[in-house]
Amino acid sequence: MAKKPAWDQYSEYLCLDKILGAQAPLSDAAGHPAHDEMLFIQFHQIYEIWFKQILFELDDIQKRFSSSIVTDKDMQPILHHLSRIVSIFKHLESMIDILETMPAQSFVDFREHFGTASGFQSVQFRLIETRLGLLRDKRQPVFHCQFDENLKEESKSAIQDAEQGGSICDQLDGWLSRTPFVSLGAYSFWEEYRAAVHKMFDEKSIAARANLRGEALDKELEGLQKGRDKFDGIFDECKHAQAQASGQWRMSWKALQAALFIMIYKGEPILQGPHNLLNHIMDVDELIARWRYRHALMVQRMVGNSMGSGGSAGYGYLIQTLEKHRIFTDLFSLATYLIPTRLIPTLPDALSKEMGYGYAKSA
């Protein structure tokens, strides 16, 4: 077989004929060419290509997370893939700068041609949300029906398979729950931490009584008592179960405790990887929220208070998803339970040594 000329290989390897021939502005076919429709089409095609890459990264992450034991060799690829997803979402957000070079009038000039087509119909993005852990009953309704009601049957099936296959959120909870309870002989971290928490609130109460009077003091003391009660919710499994039943928490009690321990003692060598993992996951959640906000503002800029593409509520719907479609809010909420470094219990030497690198233990 004759070797292909070098100048053909690049184009054929990347299937550029298919990619570069996939833009067909409908305004051209209608006889009223709108210059910026080409930008609009390519912008969303590029988004879909990056969504495909995110799903590809999630494939490997979830495969590694599905094991009963996530080994040290698995941790680095998981961190690497999550870091790449973070970078992609940063890029997707920055891409909005390019689309915003399109004036609102330019969008109006071709909007009539794409009918009911809408970003709501991006199956890949819905799969990303589902596989990260967005639950069906937590989604903001679209057109007063299920979000996938008007999708093709194969798209519905793909989403249902993703829902049944377990999410990153579920896998993270399971992984954290398997973290050994931190205790060594008579030492229990949570007893030590609870004592440190009460010391913090005692100090705040003393300071309040020394500096405040009357109604201001009463309100401060009331707030401090609510703070104590909130901390008890993470120390007491029964109180956590009640809070979880009311929707305050999604993650299990063991998983929350493990995540908080990782955040507090992130400097310990064995916890640096897990801490980076939690940070990457929060980065993804934050970046998706930032992207939603930028997207909502862009839509408002383009269509004002008009209905969105496909007959949706447009800006109103998008801005509601900003808060309601968050997934990993439990990890963000754990910052509530941090205390000043000076009060953090010092880990026993034996436990601290167990959390070091192997070569340090044998030294």
Side-chain angles (χ1 to χ4, degrees), residues 61-62 65-66 70 82 128-141 162-183 188-198 200-201 222-266 271 274-289 292 320-339 344-345:
I61 292 170
Q62 292 198 266
F65 252 142
S66 65
V70 180
L82 281 171
I128 290 170
E129 291 177 318
T130 300
R131 290 177 60 179
L132 286 174
L134 182 59
L135 299 174
R136 180 175 288 266
D137 61 0
K138 298 297 183 182
R139 288 182 180 272
Q140 184 69 12
E163 289 175 327
Q164 295 169 6
S167 68
I168 292 288
C169 188
D170 295 333
Q171 291 175 317
L172 177 68
D173 192 288
W175 175 71
L176 287 169
S177 298
R178 296 191 296 271
T179 300
F181 188 77
V182 183
S183 61
S188 172
F189 163 73
W190 293 111
E191 291 178 8
E192 295 288 330
Y193 197 67
R194 176 180 278 185
V197 166
H198 285 303
M200 176 186 71
F201 280 112
E222 181 183 357
L224 290 174
Q225 184 57 51
K226 288 181 179 178
R228 289 179 188 266
D229 294 341
K230 183 173 286 189
F231 267 90
D232 283 341
I234 205 167
F235 294 130
D236 188 308
E237 189 171 6
C238 291
K239 288 185 177 180
H240 170 269
Q242 294 171 359
Q244 192 176 39
S246 68
Q248 180 180 339
W249 294 110
R250 176 175 176 179
M251 296 177 68
S252 66
W253 184 61
K254 287 184 177 180
L256 285 174
Q257 287 200 335
L260 180 59
F261 186 84
I262 290 168
M263 290 180 177
I264 294 169
Y265 294 105
K266 60 184 181 297
L271 297 181
H275 183 254
N276 285 336
L277 173 62
L278 297 183
N279 267 340
H280 285 334
I281 287 175
M282 287 192 288
D283 285 343
V284 170
D285 200 46
E286 179 182 331
L287 284 164
I288 292 176
R292 290 187 196 278
Q320 288 177 323
T321 64
L322 175 64
E323 183 62 32
K324 292 187 177 181
H325 288 191
R326 297 283 303 280
I327 299 169
F328 298 99
T329 51
D330 283 3
L331 294 179
F332 288 80
S333 296
L334 285 177
T336 309
Y337 302 92
L338 298 176
I339 63 177
I344 293 176

Next item on the list: Apply the test side chain to side chain contact (heavy atoms under 4.5 Å, CB included) to residues Lys138 and Lys324: give CA-CA distance (whole Å), side-chain angles for both, the deciding distance (0.1 Å), then the verdict.
Entry: CA-CA 7 Å; Lys138 298 297 183 182; Lys324 292 187 177 181; over 6 Å; no
Next item on the list: For side chain to side chain contact (heavy atoms under 4.5 Å, CB included), just list the numbers for Lys254 and Thr179, CA-CA rounded to whole Å, side-chain angles, deciding distance to a tenth of an Å, and then say yes or no.
Entry: CA-CA 8 Å; Lys254 287 184 177 180; Thr179 300; over 6 Å; no
Next item on the list: Just say parallel, tilted or perpendicular for the rings of Phe261 and Tyr265, cut-offs at 30° and 60°.
Entry: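 Aromatic pair Phe261/Tyr265 classed tilted.
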Once rounded to the nearest 0.5 Å, what's the spacing between atom [atom1] of [X] and atom [atom2] of [Y]?
| X | Y | atom1 | atom2 | answer |
| --- | --- | --- | --- | --- |
| Leu331 | Arg326 | CG | CZ | 10.0 Å |
| Ile281 | Leu132 | CD1 | CG | 9.0 Å |
| Tyr193 | Leu260 | OH | CG | 5.0 Å |
| Arg292 | Thr321 | CZ | OG1 | 4.5 Å |
| Leu277 | Met282 | CG | CE | 10.0 Å |

Going by heavy atoms in the side chains, are [X] and [Y] under 4.5 Å from each other?
| X | Y | answer |
| --- | --- | --- |
| Asn279 | Lys266 | no |
| Phe328 | Ile288 | no |
| Arg250 | Asp170 | yes |
| Leu278 | Leu172 | yes |
| Leu256 | Leu176 | no |

Might you point out which heavy atoms bring [X] and [Y] nearest each other, and give the distance in Å?
| X | Y | answer |
| --- | --- | --- |
| Leu322 | Ala289 | CD1-O, 2.9 Å |
| Leu82 | His280 | CB-CB, 3.9 Å |
| Ile264 | Ile344 | CG2-CG2, 3.7 Å |
| Gly133 | Cys169 | CA-CB, 4.1 Å |
| Ile339 | Met200 | CG2-SD, 3.7 Å |

Next item on the list: Apply the test side chain to side chain contact (heavy atoms under 4.5 Å, CB included) to residues Leu334 and Ile234: give CA-CA distance (whole Å), side-chain angles for both, the deciding distance (0.1 Å), then the verdict.
Entry: CA-CA 9 Å; Leu334 285 177; Ile234 205 167; 3.7 Å; yes
With no hydrogens and no angle check, is any side-chain donor or acceptor of [X] less than 3.5 Å from a backbone partner on [Y]?
| X | Y | result |
| --- | --- | --- |
| Gln62 | Gln171 | no |
| Arg228 | Leu224 | no |
| Asp330 | Trp249 | no |

Checklist line | Over 12 non-hydrogen atoms of neighbours within 6.0 angstrom of CD in Gln225 | finding: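 Yes, CD of Gln225 has more than 12 neighbouring heavy atoms, counting only those of other groups under 6.0 Å.
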Check: Please, which pairs that meet side-chain hydrogen bond (donor to acceptor under 3.5 Å, both in side chains) have at least one residue in residues 232-245, sequence neighbours excluded?
Finding: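 Sorted result for residues 232-245: empty, none.
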Note to self: Can you list everything that forms a ring pair (Phe, Tyr, Trp, His ring centres under 6.0 Å) with Phe231? Sequence neighbours excluded, please.
What the structure shows: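 For Phe231, the residues satisfying ring pair (Phe, Tyr, Trp, His ring centres under 6.0 Å) (neighbours in sequence not counted) are Phe201, Tyr337.
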Note to self: Whether Arg139 and Glu163 form a salt bridge (side-chain N of Lys/Arg under 4.0 Å from carboxylate O of Asp/Glu) is what I want to check.
What the structure shows: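 No, Glu163 and Arg139 are not salt-bridged.
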